[in-house]
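Below is one structure, written out as structure tokens, with a few remarks after it.
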Amino acid sequence: MTMDKSFNAGAAEARISAEWESAGAFAAGANASRTESFTVMIPPPNVTGSLHIGHAFNNTLQDILVRWHRMRGFDTLWQPGQDHAGIATQMVVERQMAERQEPNRCAIGRDAFVEKIWAWKQESGGTIMNQLKRLGASCDWSRNAFTMSGAPAAPAGEEGNFHDAVIRVFVDLYNKGIIYRGKRLVNWDPHFETAISDLEVENREVPGHMWHFKYPLAGGETYEYVERDEDGNVTLRETRDYISIATTRPETMLGDGAVAVHPDDPRYAPIVGKLCEIPVGPKEHRRLIPIITDEYPDPDFGSGAVKITGAHDFNDYGVATRNGIPLYSLMDTAGAMRADGLSYADSAAIATRAAGGEDVGDVSAVNLVPEELRGLDRFEARKRVVEAITAEGLAVTDAEGAPFVENKKIMQPFGDRSNVVIEPMLTDQWFVDTKRIVQPAIDAVRDGRTQILPEQHKKVYFHWLENIEPWTISRQLWWGHQIPVWYDEDGNQYCAPTEAEAQAQAPGKTLTRDPDVLDTWFSSGLWPIGTLGWPDDTPELRKYFPTDVLVTGFDIIFFWVARMMMMQLEIVKEAPFHTVYVHGLVRDEKGAKMSKSKGNVIDPLTLIDEYGADALRMTLTSMAAMGRDPKLGPRHVEAFRNFVTKIWNASRFAEMNQVRGGGPRPAPRHTVNRWIIGETARIRMATDEALSTYRFNDAANGLYAFVWGKVCDWYVEFSKPLFDGEFAQETRETMGWVLDQCYLMLHPVMPFVTEELWSLTGDRAGLLAHGNWPEYGAELIDADADREINWVISLIEEIRSARAQMGVPAGARLDLIVTEADKPSRDALSANAPLIGRLARVNPPQDGTAGKGMISVAAQGASFALPIGDVIDAEAETARLQKSLTKAEKDADGLRKRLDNPKFVQNAEPEVIEETRGKLTALDDDTTRLRTALAQLEAMR
RNA sequence: GGGUGAUUAGCUCAGUGGUAGAGCGCUUCGUUCACAUCGAAGAUGUCAGCGGUUCAAAUCCGUUAUCACCCA
């Protein structure tokens, strides 16, 4: 059989995938020959997702670790699965319903909607799994997990334990008091009408305005307002009957409960404790609020006075709760101004009593939105409020008397899914009191039970955990794990795994279940144990937990990694993995973040179609330097596609020379064969060293350089003359073995082409995916062979270089005259004459002297002359030799200077000194030879 | 404002104390029977600036500049 000229990735990949699958090659424990397990949990992609380049990168690295361990005989499990992705999935299905002009979710109701999502999941949820298979991911697909498996409405085929695990954990943490319900200010997404966690908020700088308004003092009171410069000199002194407030959100003025100033701010000291008037709302019901002190206002920012709207700003919320200021909610769940509750007049009356210090109790019915603004969108209300204040003359004005409005960049919170402005809202939500479970997660990393690589991410991890805030886990969505809490008519809570158990706690009461669902990350936080069958005590759980390595991007360290640490440590009291390898973000060729709006997104499937999965994987791996972002462009992938072709053709060459793989390691006599075996041992050690320290790029680039630079460039060329004669057989055996080693070591990075070559080049007992990873080492390195072959290589390079520089026609075969040679070079020369002759295009060496029309060439311990005919350009040859001489002399001078420095000899390590001496000797030899050659050239003129 | 990282060949990047490397690109040559998705030979660097530690600095420390990301 003759091999094709190149690897047809498109055709082969599908076929090989099918072979792996039908052989169950990736099943947990496949190819295991030892008891140690190796477990990797895939970061579950969203069930709505499709494979993007970040997934390709992330999963390539995991696959390398997994395949490497499987080949080494570990009991290996790579656990796949998908995340139900609450908001994202609900969004996708709602959008689809809208496109089909179907009734919306509210119209069809919760049960029908959830059923629709399940149907969608069963139809489209497998996309990313199939795409991962195209990448070559060797997950145990038979164990595919889903974070909603086993939920009450789950259809056939979606059975599983995940729902049980989630509910079990909720109930447990509830009973411990770690999960609680409370009214707090949370990030509210007005589009999805749900609370979201801090992490789901993206703060973006957007153009905005800063308005400056006057809050008149109550009863027309006045004070001396004095501003000073840094030296204390008075720069402004005037009598004011107001306090000046700057705000980017005028509509929230309606809910102000106070004005705060810094306690050390002398400008406002005279009026602290007095009342001022909010300059909005109907004149007859203007509200008065107190001027208080708090550490929060920055005296150097704006006017130094801050309006306090506790129900719509996180900083204000802190000030308000510290100072007993009521929290007045102004907006509804869609971000419109409230239209419910008491009339404005009644509300204002209550608020005024509160401002006077009276305890007015629950203010949730108080609606301080004036009737004419009720129901308006928050941004429309802002416009109206600004207009009204300006019309009334209470805007601070500039020198020309125009209202003073600063145009400036402001930081605004956006929902990461909805892209609408997040509104801080006062609502009842469920929280995890993370402070109570965070310490073990900190300790585990601090004492090294879990290591984070690269280490710089540890700092970020610690910083976040040490300042952790309560985690908002309730979501006002329908797709997700519904909170297992029921309420009776009096609002008492009953938390239990099932309604029946809750009912048993509340005999005779009518119970209603909390409609909210849990944050998606609450369930994915249980991924390591949930996928292995917990809460049941399964054999898988015992064997594969704790897992080994988590490979992930830095963007989900907080979302996911930290929470998995906290939750696993709280629930099963063990850290879920011993290593977290954090990789970078794949960027485009210019280093820009890929985004749809920039149009620079690179689709991994397109690259796979064009160049093959192996080329893409090899490219990503070669760029996976720890702590760095890979920058990917098609031309990089092309380079590695060429590499695939290269090893393919080396195999093809072997096949044409009756080389077969599958044999044992030979013990050859020829130097070339002994040399390449030693080089193979070197790359095996380097590859294992690189992989065990997660230096994926070193592994990939090392193998690339070995296969191309050592095997193809030299060994294959050296072997050609050996296929005739006494070394033919051992050369076939050696080449077969060396290529086998290449396939084995490259397989974790390039699984398809290596599997294909494995099956084409020998009679194999099994798949390469189950091949045995090599273990030999330095004992295979033959120092003599090494020295000899390196000498031969350098001689060939010297001759080629001299020929090219002197313009000798490439095809011309020259005589090789040995003008001087020591014993080792004479031996090396005679043993390898055919190799040198072929690769340098010279005739067999003969002794002689340099003469007219010759160029001179040197190797360690030997000098040669090559007659190139009458056409020799003596000038050019002089220049060539002179150039080499200058460089050699310069280098030698540098080394000599170092060796002459007594401090160097005194302080440097002995090996370094020895090495330097060696280099100098070699350079001095070169210099001598070059001088001789130049002198001869001169004499012959 | 706080933190982290980066700055090395024309481009994209490796290189954690011993006088700088790869891929791509570029120049010249080549239809030698594995491969033109190839081969051979070449050119290209004040390793961002300044200062320090050291026998020795791209590498360690300090500082400045520029860029990127994270957090407020």
Side-chain angles (χ1 to χ4, degrees), chain A residues 2-3 5-7 198-199 202-203 298 300-301 314-315 411 454 456-460 463-464 467 554-555 557-558 584-585 587-593 611-612 615 619 622-657 659 695 697-698 700-702 704-705 708-709 711-713 716-717 719-720 796-811 813 838-841 890-891 893-895 897-909 911-913 915-916 919:
Chain A
T2 312
M3 288 169 65
K5 259 191 128 176
S6 66
F7 176 56
D198 302 348
L199 292 176
E202 251 176 55
N203 288 298
D298 176 1
D300 297 326
F301 188 79
F314 285 95
N315 289 314
M411 290 303 283
Q456 71 224 32
H457 289 287
K458 262 164 57 173
K459 280 189 196 171
V460 188
H463 183 261
W464 191 71
N467 297 285
F554 59 86
D555 48 333
I557 291 182
F558 307 138
L585 181 77
R587 296 167 177 278
D588 76 6
E589 216 162 353
K590 299 190 192 86
K593 223 167 160 168
Y611 300 107
T619 310
S622 76
M623 296 195 292
M626 216 188 275
R628 299 292 295 263
D629 291 339
K631 289 171 194 161
L632 180 70
R635 63 205 180 96
H636 298 128
V637 188
E638 194 178 321
F640 287 101
R641 187 274 322 267
N642 294 352
F643 177 65
V644 170
T645 306
K646 189 74 184 177
I647 190 172
W648 180 268
N649 275 293
S651 306
R652 189 161 155 262
F653 167 81
E655 189 206 35
M656 293 167 75
N657 288 283
V659 170
R695 300 168 74 98
N697 57 324
D698 285 352
N701 293 327
Y704 179 99
W708 201 312
V711 176
C712 294
D713 285 350
V716 166
E717 295 303 328
S719 74
K720 286 176 181 171
I796 292 167
E797 284 176 340
E798 284 293 323
I799 297 173
R800 281 173 173 172
S801 176
R803 290 173 60 121
Q805 284 180 57
M806 296 308 291
V808 177
R813 185 169 283 276
R838 186 184 177 97
L839 295 182
R841 292 197 79 72
K890 196 184 148 223
D891 290 352
D893 277 355
L895 294 176
K897 246 166 102 182
R898 265 165 75 186
L899 284 164
D900 286 348
N901 183 346
K903 287 186 177 169
F904 172 71
V905 184
Q906 222 167 62
N907 295 317
E909 289 175 35
E911 307 91 74
V912 174
I913 300 174
E915 199 189 319
T916 312
K919 275 188 204 161

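Among the protein residues, A:R800 comes within range of the sugar-phosphate backbone only, with heavy atoms under 4.0 Å from sugar or phosphate atoms but none that close to a base. A:A639 comes within contact range of the sugar-phosphate backbone alone, with a heavy-atom separation under 4.0 Å but no base atom that close. Within 4.0 Å of A:N901, counting heavy atoms only, lie sugar-phosphate atoms of the nucleic acid but no base atom. Contact annotation for A:R803: no contact, since no heavy-atom pair falls under 4.0 Å across all strands. No contact: A:L585 has no heavy atom under 4.0 Å from any strand.
Both A:F643 and A:R838 lie close to RNA chain B; mapped to their nearest nucleotides by heavy-atom distance, the more 5′-ward contact belongs to A:R838. Mapping A:A625 and A:C712 onto RNA chain B by nearest heavy atom places A:A625 at the nucleotide closer to the 5' end.
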Practice prompt. Just do the side chain to side chain contact (heavy atoms under 4.5 Å, CB included) check on A:Y611 and A:F640 with the steps written out, would you?
Written response: CA-CA 9 Å; A:Y611 300 107; A:F640 287 101; over 6 Å; no
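In this entry the distance linking CD of A:E638 with P of B:C35 reads 20 Å, nearest Å. Rounding to whole angstrom units, CZ of residue A:R635 and C1' of B:C24 are separated by 5 Å. Taking atom CG on A:D900 and atom P on B:U19, their separation rounds to 17 Å, with Å as the unit.
Partner assigned to B:U4 is B:A68, using Watson-Crick or G-U wobble distances below 3.5 angstrom. The partner of B:C38 is B:G30, judged by Watson-Crick or G-U wobble contacts that both fall below 3.5 Å. The base-pairing partner of B:C60, taking Watson-Crick or G-U wobble contacts with both distances under 3.5 Å, is B:G52. In this structure, B:A43 makes no Watson-Crick or G-U wobble pair, since no nucleotide meets both defining distances under 3.5 angstrom.
The shortest non-hydrogen separation linking A:H457 to A:F554 is CE1-CB, 3.6 Å. Of all heavy-atom pairs spanning A:A625 and A:N697, the tightest one is CB-ND2, 3.5 Å. The minimum heavy-atom distance between A:V637 and A:T619, with the atom names listed, is CA-OG1, 3.3 Å. Closest of all the heavy-atom pairs between A:G584 and A:D629 is CA-OD1, 3.2 Å.
If you check the side chains of A:N901 and A:R898, you find no donor sitting under 3.5 Å from an acceptor. Side-chain contact, A:Q805 with A:S801: a donor N or O sits under 3.5 Å from an acceptor N or O.
For A:D713, the listed nucleotide lying nearest its side chain is B:A40; candidates were B:A34, B:C35, B:A40. If you check B:A34, B:C55, B:A41 against the side chain of A:M656, the one that comes closest is B:A34. With distances taken from any side-chain atom of A:A810 to the nucleotides B:U37, B:C55, B:G30, the minimum falls on B:G30. Nearest nucleotide to the side chain of A:V912, out of B:G39, B:G30, B:G18: B:G18. Comparing B:U12, B:U37, B:G18 against the side chain of A:S6 picks out B:U37 as the nearest. Relative to the side chain of A:R652, the nucleotides B:G23, B:U19, B:C35 differ in distance, and B:C35 lies closest. Among the nucleotides B:U19, B:G39, B:A14, the one closest to any side-chain atom of A:R898 is B:U19.
Listed for the A:R695 side chain is no donor-acceptor partner under 3.5 Å among the backbone atoms of A:M626.
Across the P atoms, B:G49 and B:C11 are found 16 Å apart, a figure rounded to whole Å. B:G23 and B:U44 have their C1' atoms separated by 16 Å, with the value rounded to a whole Å. For B:C24 and B:U54, the C1' atoms lie 38 Å apart once the distance is rounded to whole Å. Atom name P, nucleotides B:G3 and B:U64: the rounded distance is 12 Å, in whole Å.
Counting distance only, with no hydrogens placed and no angle test, the side-chain atoms of A:E717 and the base atoms of B:A34 include a donor-acceptor pair under 3.5 Å. Checked by distance alone, A:K5 brings no side-chain donor or acceptor within 3.5 Å of a matching partner on the base of B:C35.
Contact between the side-chain N/O atoms of A:W464 and the OP1/OP2 oxygens of B:U4 is not found at any separation under 4.0 Å. Regarding contacts with the backbone of B:G18, every side-chain N or O of A:T916 stays at 4.0 angstrom or more from both OP1 and OP2. Taking 4.0 angstrom as the limit, A:N642 places a side-chain polar atom (N or O) nearer than this to OP1 or OP2 of B:C38. OP1 or OP2 of B:U4 has at least one side-chain nitrogen or oxygen of A:K459 nearer than 4.0 Å. For B:G18, the OP1/OP2 oxygens have no side-chain nitrogen or oxygen of A:K919 closer than 4.0 Å. Distances shown here put every side-chain N or O of A:N649 at or beyond 4.0 Å from the OP1 or OP2 atom of B:A34. The phosphate of B:U16 (OP1 or OP2) has a side-chain N or O of A:R695 nearer than 4.0 angstrom.
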